[in-house]
Amino acid sequence: MIKTINQKIEIFISSLDEINDDLVKTITNKSSTTISENLKNGHLTTNVCMVAASLLKLDSKELANNLEKNLSELGLYKDVKAAGPGFINITLHRKDFALVLHQIIEEKQNFGESNIGDNRKVQIEFISANPTGPLHVGHGRGAAYGDAIGRILQATGSSVEKEYYINDAGRQIDILTASVIVKIIQKELDNFFPQNAYKGAYIESIGKEFTLKNIVKYNDVGSILKDLPSDPEEEIDQIISNLKRSDEKIWHLVKSFSLESIIKSIKDDLRDFNVDFDSWFNESSLGKLNDNSSEISKSINKLKDDGMAYEKDGAVWLNTDNSGDDKHRVLVRDDGRATYFASDVAYHKNKVDRGYDDLINVWGADHHGYIKRIEASIDALGSSKEKLIVKLVQFANLFKEGKKVKMSTRTGEFFTLKDLIEEIGADAARFYYLSKQADQHLDFDLDLAKSDSKENIFYYIQYAHARIFSLEKKFKEMNPGLDTNIEAIEKNIYKECDNLIHEISKYPNVVNKSAITLQPHLIIFYLRDLAQSFHSFYNDNHVLSESKDNMQSIVFCLSAVRQTISNGLELLGIKPMKKM
RNA sequence: GCCUUCUUAGUUAAAUGGAUAUAACAAAUCCCUCCUAAGGAUUAGUUGUAGGUUCGAUUCCUACAGAGGGCACCA
């Protein structure tokens with residue numbers, strides 16, 4: 001409908017004095033015909049006259065009056081009116097207006113989908129938490145966000161792949177391994193525990209599980225605590241090297257066991273959170289520096305060969321001049337070990353080589369300073385940093401009984417994602433994570449998420465869905481064999497539905513906008529508005545005591561509302577409720 | 001100091017450069033003999049300051065004031 005109107009408008013614009021093809025193009029690009037915010041302004045609205053008037057130095061109101069006359073004379077629309085500073089408001093014939101209902105009945109769960117993504121290959125990397133402990137509520141926000149934009153992009157015609165990058169190669173994993181071993185033999189060490197080791201209860205349970213099938217016995221336990229420096233960082237490093245030296249076999253067994261155990265718990269939590277990944281990428285698969293054929297060596301060598309990396313003070317540095325980063329960055333330390341950054345450079349090269357059109361990275365806001373150097377590395381390796389889209393996700397504060405829930409990784413006291421799911425359920429958790437723009441601070445109120453007031457938007461929306469569902473059921477019981485149909489609506493029988501139909505017709509645009517801006521919260525706010533329109537209608541109209549014709553047309557229309565709510569929730573990874 | 005996000009009603013939050021800035025909570029008043037009251041209706045209230053671009057600015061630009069985050073040969 002909008003398309004044909006735009007064609008008519010273009011014909012009108014082209015017929016103006018002193019116009020040329022370029023101007024027509026500029027005007028059509030800058031202006032838009034949209035579904036009116038409010039039914040008072042007709043069904044559709046265009047701002048083309050204001051755009052054209054400013055470019056052509058004409059009076060916008062006069063231009064709007066002319067376009068009004070022009071469109072009216074076509075006889076295609078019920079009403080055309082120039083309004084305000086130069087808007088054109090169009091009211092469609094009832095049949096055209098109700099077209100969206102046909103569309104929903106035909107497309108069902110696919111209503112709202114589009115192909116604006118043009119089949120672009122998009123990879124989304126998110127969460128990528130270190131496998132050194134369970135996922136906590138901070139990771140949950142990235143999980144909900146990454147998964148939701150994945151679903152939204154997929155629904156709007158992109159070809160999406162979701163990936164989790166497992167940092168299974170660095171020092172953190174050594175600390176994890178040491179933590180588990182020391183916990184196992186803690187009694188033999190006179191209850192000693194390193195200051196910077198991981199302290200959560202999960203460390204102990206991994207250790208216990210390991211000892212069920214393995215024997216951990218050191219010939220010379222005392223040597224493990226030999227030569228310990230007082231600095232916490234140096235202390236843990238010394239313990240790591242002592243443990244490795246004392247019994248390399250046990251070290252490797254515990255290391256792989258701990259990793260597997262934690263990765264499994266992460267996967268279990270994500271399954272419960274309804275987040276699924278297409279691939280899991282191990283940092284360790286990038287290989288080692290001393291292996292010339294490994295990906296990490298190849299990336300660094302290529303950077304050196306191309307003059308983008310150089311040696312200085314015994315270390316290898318990446319030149320980041322072209323990226324706006326404030327200093328050059330170390331890839332290989334002067335002691336010959338690669339930095340975390342070096343792995344990430346190789347990882348991003350790997351991603352670029354896989355041929356995606358867009359790489360979306362969902363990172364915690366604390367990685368903000370990291371963006372420029374990664375962009376620099378992508379450019380330096382001969383690709384374009386434009387491919388990389390980094391979305392930062394801000395921290396979430398949890399509030400319980402009005403108080404902020406304190407969390408400290410150091411002491412192992414934190415609210416895990418699993419705790420959150422158990423407390424309020426995966427769907428409500430996802431909903432509240434997504435209810436605010438990802439790059440802004442979120443105060444997550446656990447009590448609100450469980451409350452039964454209207455303030456709890458999650459239930460407000462679900463309630464609308466459940467109400468319609470039960471209404472449909474009752475309608476079918478009352479009228480066996482009677483189908484809902486479009487005829488009644490087209491015959492202009494039940495005008496009170498108009499507002500709902502108008503709201504539904506906005507949905508595909510909301511999805512597109514949400515995909516373009518990567519903002520799932522737009523869908524949440526839309527659903528709230530739609531639910532509100534429905535609840536209001538429901539209160540004013542006692543559906544099941546209407547005449548059969550009316551009932552038919554109303555239930556038909558409400559089914560479309562329910563389908564739309566259901567589709568919107570699905571895009572957020574939330575299951576619509578059939579009863580409450 | 002540098003980089004970055006942000007500042008909207010008493011509070012928490014919306015708004016591809018468009019019409020009278022949108023909701024909820026809190027306040028006041030109403031609506032269950034009724035399809036789920038986890039609901040509905042009515043009233044009152046908002047764009048940090050100073051400039052600029054524009055037919056039009058909450059939105060874009062500049063400065064200022066205030067808040068958060070980031071600035072490792074850590075990951």
Side-chain angles (χ1 to χ4, degrees), chain A residues 30-32 34 36-38 40-41 45 47 49-51 53-55 57-61 83-87 89 130 132 167 169-173 175 233 283 313-317 324-327 329-335 337-344 364-372 392 394-395 435-437 439-443 445 448 451-464 466-475 478 509 512-513 516-517 521-522 524-526 528-529 531-532 534-546 551 579-580:
Chain A
K30 280 187 80 176
S31 65
S32 61
T34 55
S36 309
E37 193 52 42
N38 194 307
K40 280 178 203 155
N41 296 331
T45 294
N47 62 354
C49 294
M50 289 179 288
V51 174
S54 89
L55 284 166
K57 308 259 183 284
L58 296 171
D59 178 45
S60 61
K61 285 189 183 174
F87 289 102
N89 295 328
N130 287 335
T132 55
N167 302 121
R171 176 169 171 263
Q172 298 299 320
I173 302 306
I175 298 179
E233 292 289 320
E283 181 187 359
D313 302 333
V316 179
W317 299 73
D325 198 6
D326 46 10
K327 58 178 117 167
R329 302 291 173 173
V330 171
L331 291 162
V332 184
R333 302 181 180 92
D334 55 10
D335 64 4
R337 291 180 304 152
T339 58
Y340 172 84
F341 177 51
S343 294
D344 239 7
D366 53 336
H367 283 64
H368 164 257
Y370 202 70
I371 298 174
K372 280 181 177 162
L392 294 180
Q394 272 291 356
F395 299 113
S435 66
K436 209 177 158 183
Q437 292 189 37
D439 59 2
Q440 290 182 36
H441 292 272
L442 172 72
D443 286 339
D445 189 334
L448 171 65
S451 82
D452 56 2
S453 73
K454 187 177 173 182
E455 213 179 341
N456 187 346
I457 318 171
F458 175 67
Y459 282 109
Y460 184 75
I461 294 169
Q462 292 281 20
Y463 187 38
R467 269 182 154 176
I468 299 175
F469 189 83
S470 101
L471 205 56
E472 287 172 314
K473 212 167 125 195
K474 288 206 168 95
F475 172 79
M478 283 169 65
N509 279 341
N512 283 343
K513 196 171 148 192
I516 291 165
T517 58
H521 78 280
L522 296 177
I524 287 191
F525 281 94
Y526 168 78
R528 185 203 61 192
D529 290 345
Q532 189 163 43
F534 162 74
H535 285 306
S536 175
F537 173 89
Y538 184 89
N539 237 262
D540 292 346
N541 300 277
H542 197 259
V543 181
L544 298 182
S545 51
E546 286 289 338
M551 224 194 289
K579 62 176 180 188
M580 303 188 53

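The sequence lines fix the lettering, A, B, ..., with proteins before strands; numbering per chain opens at 1.
For the P atoms, the distance from B/G45 to B/A24 is 16 Å, rounded to whole Å. Comparing the same atom, P, in B/U33 and in B/A23 gives a spacing of 29 Å after rounding to whole Å. Separating the P atom of B/A57 from that of B/U42 is a span of 31 Å, rounded to the nearest Å.
Contact annotation: A/K436 reaches the phosphate of B/A13 (side-chain N/O to OP1 or OP2, under 4.0 Å). Contact between the side-chain N/O atoms of A/R528 and the OP1/OP2 oxygens of B/U22 is not found at any separation under 4.0 Å. In this model, the phosphate group of B/U12 is not approached by any side-chain N or O of A/Q437 to a distance below 4.0 Å at OP1 or OP2. The side chain of A/S545 places no N or O atom within less than 4.0 Å of a non-bridging phosphate oxygen (OP1 or OP2) of B/C35. OP1 or OP2 of B/A75 has at least one side-chain nitrogen or oxygen of A/R333 nearer than 4.0 Å. A sub-4.0 Å separation between OP1 or OP2 of B/A13 and a side-chain N or O of A/Q440 is absent.
Ion pair A/R337/A/D335 flagged as a salt bridge, since at least one NZ, NE, NH1 or NH2 atom sits closer than 4.0 Å to an Asp/Glu carboxylate oxygen.
Judged by distance alone, the side chains of A/Q172 and A/T132 never bring a donor and an acceptor atom under 3.5 Å apart.
Other residues, nucleotides and ligands place no more than 12 heavy atoms under 6.0 Å from the NZ atom of A/K61. Counting non-hydrogen atoms of neighbouring residues, nucleotides and ligands closer than 6.0 angstrom, the CD atom of A/E37 reaches no more than 12 such neighbours.
Not a single donor-acceptor pair, N or O on each side, falls under 3.5 Å between the base of B/A75 and the side chain of A/D344. Taking 3.5 Å as the limit, the base of B/A19 and the side chain of A/T45 contain a donor-acceptor pair of atoms between them. For A/S54 against B/U54, no side-chain N or O and base N or O form a donor-acceptor pair under 3.5 Å. For A/N539 against B/G39, a side-chain N or O and a base N or O form a donor-acceptor pair under 3.5 Å. Within 3.5 Å, a donor on the side chain of A/N47 pairs with an acceptor on the base of B/G18, or the reverse.
Residues A/A315 and A/D334 approach most closely at CB-N, 4.0 Å, considering heavy atoms.
In a base pair of the Watson-Crick type (N1 to N3 plus N6-O4 or O6-N4) or a G-U wobble (N1-O2 and O6-N3), with each distance short of 3.5 Å, B/U16 is matched with no nucleotide. Pairing for B/U8 is absent, with no Watson-Crick or G-U wobble pair whose two atom distances lie under 3.5 Å. Taking a pair to require two hydrogen-bonding distances under 3.5 Å in either a Watson-Crick or a G-U wobble arrangement, B/C64 pairs with B/G48. Nucleotide B/U54 forms a pair with no other nucleotide shown, judged by Watson-Crick or G-U wobble geometry with both contacts under 3.5 Å. Base pairing of B/C32 is not made with any nucleotide, judged by Watson-Crick or G-U wobble geometry with both donor-acceptor distances under 3.5 Å.
One interatomic measurement links the two molecules: OH of A/Y538 to P of B/A38, which rounds to 11 Å at whole-angstrom precision. Rounding to whole angstrom units, CZ of residue A/F525 and P of B/A14 are separated by 5 Å. The distance between atom NE2 of A/H542 and atom P of B/C35, rounded to the nearest whole Å, is 6 Å. Rounded to an integer number of Å, the gap from CG of A/D540 to C1' of B/C34 is 13 Å. Following rounding to the nearest Å, A/Y460 (OH) and B/A24 (P) show an atom-to-atom distance of 7 Å.
Nucleotide B/C32 carries a syn base; the chi torsion (O4'-C1'-N9-C4 or O4'-C1'-N1-C2) is within 90° of 0.
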